[in-house]
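The next block holds one structure in the form of structure tokens; read it before the comments.
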Number of protein chains: 2
Amino acid sequence: MPEQLPGHRPTLEAVAERAGVSRATASRVVNGGDGVRAHLVEKVREAVQELGYVPNPAARTLVTRRTGAVAVIIAEPEIRIFSDPFFSRQIRGISKELTAHDTQLVLLLVEDRGDYDRIERYLAGGHVDGALAFSLHTDDPLPAITRRVGMPTVYGGRPGWAPVSGGHGGVAYVDADNRGGAREAVRHLLDQGRRRIAHIAGPLDQTSAVDRLDGYRDVLLDADPALIAEGDFTAAGGAEAMAGLLERCPDLDAVFAANDLMATGALRVLRERGLAVPGDVALVGFDDAELVAESADPPLTTVRQDIEGMARLMAQLLLRTLDKAQGDRAVPASVVTPTALVRRAST
Amino acid sequence: MPEQLPGHRPTLEAVAERAGVSRATASRVVNGGDGVRAHLVEKVREAVQELGYVPNPAARTLVTRRTGAVAVIIAEPEIRIFSDPFFSRQIRGISKELTAHDTQLVLLLVEDRGDYDRIERYLAGGHVDGALAFSLHTDDPLPAITRRVGMPTVYGGRPGWAPVSGGHGGVAYVDADNRGGAREAVRHLLDQGRRRIAHIAGPLDQTSAVDRLDGYRDVLLDADPALIAEGDFTAAGGAEAMAGLLERCPDLDAVFAANDLMATGALRVLRERGLAVPGDVALVGFDDAELVAESADPPLTTVRQDIEGMARLMAQLLLRTLDKAQGDRAVPASVVTPTALVRRAST
DNA sequence: TTGTATGCGTTATCAG
DNA sequence: CTGATAACGCATACAA
């Protein structure tokens, strides 16, 4: 590539002049070149090469009203609690998909409640064409914002106020089949001959936690309430919940934890109490979290969800919407992706 | 905030009209309002409120030649190998700093070598005012790119190529004191009475690995070469290196691993061999990685580096440069940040 | 198929 | 202190 000339960068005007055509023709070539005679296309392309011309995105956006960028909104607490691997994999999936469509990823991290004003201004400002947002809590202000500014948005994880069956409520989301996955986990424990199966739930203001608890109940219709403890998706919370469960139900012979982190906490407590896993107590987690499930001792049987795939799906949904929307606010449909039980040594 | 009127968003023109002033005056008020009579400022502010006016960033960028955005470039291999926690913490630190300066974060993930063309076009296109890049390898094409397009850039981690002496062509980076940290780790092992101290190095095409090895050698001037093994910063690599070391030097009584992940791999091998930690072999890691060092069994003594702080520093350096550069390409200075030994049960 | 002319929404220059 | 007015770089409707 040619060196950047000092001062002004070459403009389309310059390219046109050098190629001996009008600005309009040059523009057409730069944007695909349909309906331009081949030899002119060639001439313009050469000029572009020689001058090292790169379109000015601001100018382009000004007239097309399209930025070619998408915002990814992630709430801080989320990235801390769910812990990092999630975050990275989601971003990776989204990035791949966006890159393939020549779209840029603008990252918006929400630190505290006050940041939502900033987010709203940003979205309203038209910096981006659409947005992707993750794991909202029930009282999250984001949906109101995106609706107000008319920003096409796809959510990762079913928002708290959205119905389980997609399509309604005007929200699009991509979510794992948390409930189905939980059912499979519990059935697996039953298959192993376990009869006193406890559940360590996640914080119940998150739909993923609620759905997993529901799945547990689907299978264990008459589950003893004493067998259910609420954790917070952290290892410490899982340990605490496990301790409580052992106190209330010393006879439990299996535990289904709503995520792997809590499962490791439970594991630690079980070990401290001298209970063998899976000998005395079988244990199943959820997520198949990198660096956690597989490296636990014993490695965790868990329910895998394809984080990266889900993230890609979110981006695809959004991009598709943007492609045809172009003004009318179309709402993409929601998708629920399957989960898979991964058997390891903890059961 | 007012509803978004359908169709056109309100423009500065509309605000001006409503406030009964000229577009120029309205613009002044929107950008701070110095040198405008108080009561006019008031009038314009009201109009902005009532209309729900938000400046059009594209139009603004077109004339100011400033985008208010910064690119963060991360190479895929990096985010996979160093594993995720790093990535998240760096992003978090950068995001905080940029947000505080009303600057947006555009994430550029590099999947494969071919992506560098895309990156170059993006950078050359003037989408962003500056760039932050992480942990380059010696043969990384990025520095050539940023220099060619004249993009102010701050690197995270000392780049592998020899620093050019003199202001021109100099690179700015922020790095932890890897060498000093390594020295401290090894000295700590010596203080514990260890005499056969091995080192599991990282991949030596990364400066962090080289610097840590250098630190090890600083203290153990006459170190037996057989006590040094090269890993790849993964747990599996660490295990393999540990196995090799034990083969060559069954009498070793301590290991300094160049990162925590490798240390956990080493830990596993030691346990399999029936060697007690720290009884038979003391172990020190590096990074103080979340979810790794502290939750290892036993918890790892390690060298902490302030990832988030370093990331913030990178952003600060860049922003400062952008503020005054405004045309002339000023090169920010580099910074090396201190590390701290964190004592846990593995020593 | 190609060129001409216009406008996108702001900021900056320069009179007044 | 304020108001016209000229860029900024590009895409596109329309004319040729």
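By convention in this document, chain letters (A, B, ...) are assigned in the order of the sequence lines, proteins followed by strands, and residues within each chain are numbered from 1. Source: prediction; values computed, not measured.
The distance between atom CZ of A:Arg60 and atom C1' of C:dC8, rounded to the nearest whole Å, is 15 Å. Between A:Glu13 atom CD and C:dA5 atom P the separation is 13 Å, expressed in whole Å. Rounding to whole angstrom units, CZ of residue B:Arg23 and C1' of C:dG9 are separated by 8 Å. A straight line from CG of A:Leu62 to C1' of D:dA7 spans 13 Å, rounded to a whole angstrom. Whole-Å rounding puts the A:Arg28 CZ to D:dG9 P distance at 21 Å. Between the CG atom of B:Leu12 and the C1' atom of D:dG3 there is a distance of 13 Å, given to the nearest Å. Between the NZ atom of A:Lys43 and the C1' atom of C:dT2 there is a distance of 16 Å, rounded to whole Å. The interatomic distance linking A:Arg9 (CZ) with D:dG9 (C1') rounds to 10 Å, in whole Å.
The residue among B:Ser27 and A:Ala24 whose nearest nucleotide of DNA chain C lies closer to the 5′ end is A:Ala24. Each of B:Leu40 and B:Ala59 was assigned the nucleotide of DNA chain D with the nearest heavy atom; the assignment lying further toward the 5' end belongs to B:Leu40.
Ion pairing of A:Asp306 with A:Arg89 is absent here, as no side-chain N (NZ or NE/NH1/NH2) approaches a carboxylate O to less than 4.0 Å. Salt bridge status for B:Asp112 with B:Arg118: absent, with no side-chain N to carboxylate O gap under 4.0 Å.
When the side-chain nitrogen and oxygen atoms of B:Arg37 are compared with OP1 and OP2 of D:dT2, one or more of them lie within a distance under 4.0 Å. Distances shorter than 4.0 Å separate none of the side-chain N or O atoms of A:Asn56 from OP1 or OP2 on D:dC8. The shortest distance between the side-chain N/O atoms of A:Thr25 and the OP1/OP2 oxygens of C:dG3 is below 4.0 Å. Between A:Thr11 and D:dG9 there is no side-chain N or O to OP1 or OP2 distance below 4.0 Å. Considering only side-chain N and O atoms, A:Arg65 lies under 4.0 angstrom from the phosphate OP1 or OP2 of C:dG9. The side chain of B:Thr64 contributes no N or O atom lying less than 4.0 Å from OP1 or OP2 of C:dT10.
In this structure, OH in B:Tyr53 is found 6.5 Å from OG1 in B:Thr11, a value given to the nearest 0.5 Å. Rounded to the nearest 0.5 Å, atoms CD1 (B:Ile73) and OH (B:Tyr116) are 8.5 Å apart.
Base contact: A:Val63 has a heavy atom under 4.0 Å from a base atom. Residue-level contact check: A:Val21 touches the backbone only, with heavy atoms under 4.0 Å from sugar-phosphate atoms and none from bases.
In terms of modelled atom types and a separation under 3.5 Å, the side chain of B:Thr67 and the main chain of B:His127 share a donor-acceptor contact. A donor-acceptor contact shorter than 3.5 Å links the side chain of A:Thr61 to the backbone of A:Arg66. Counting only distance, with no hydrogens or angles, the side chain of B:Asp175 and the backbone of B:Arg158 share a donor-acceptor pair below 3.5 Å.
Annotation for B:Leu12 and B:Ala26: closest pair CD1-CB, 3.9 Å, computed over non-hydrogen atoms.
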**OP:** Determine which bases of DNA chain D form Watson-Crick or G-U wobble pairs with both distances under 3.5 Å, and write the result as a 5' to 3' dot-bracket string with | for other-strand partners.
**Re:** ||||||||||||||||

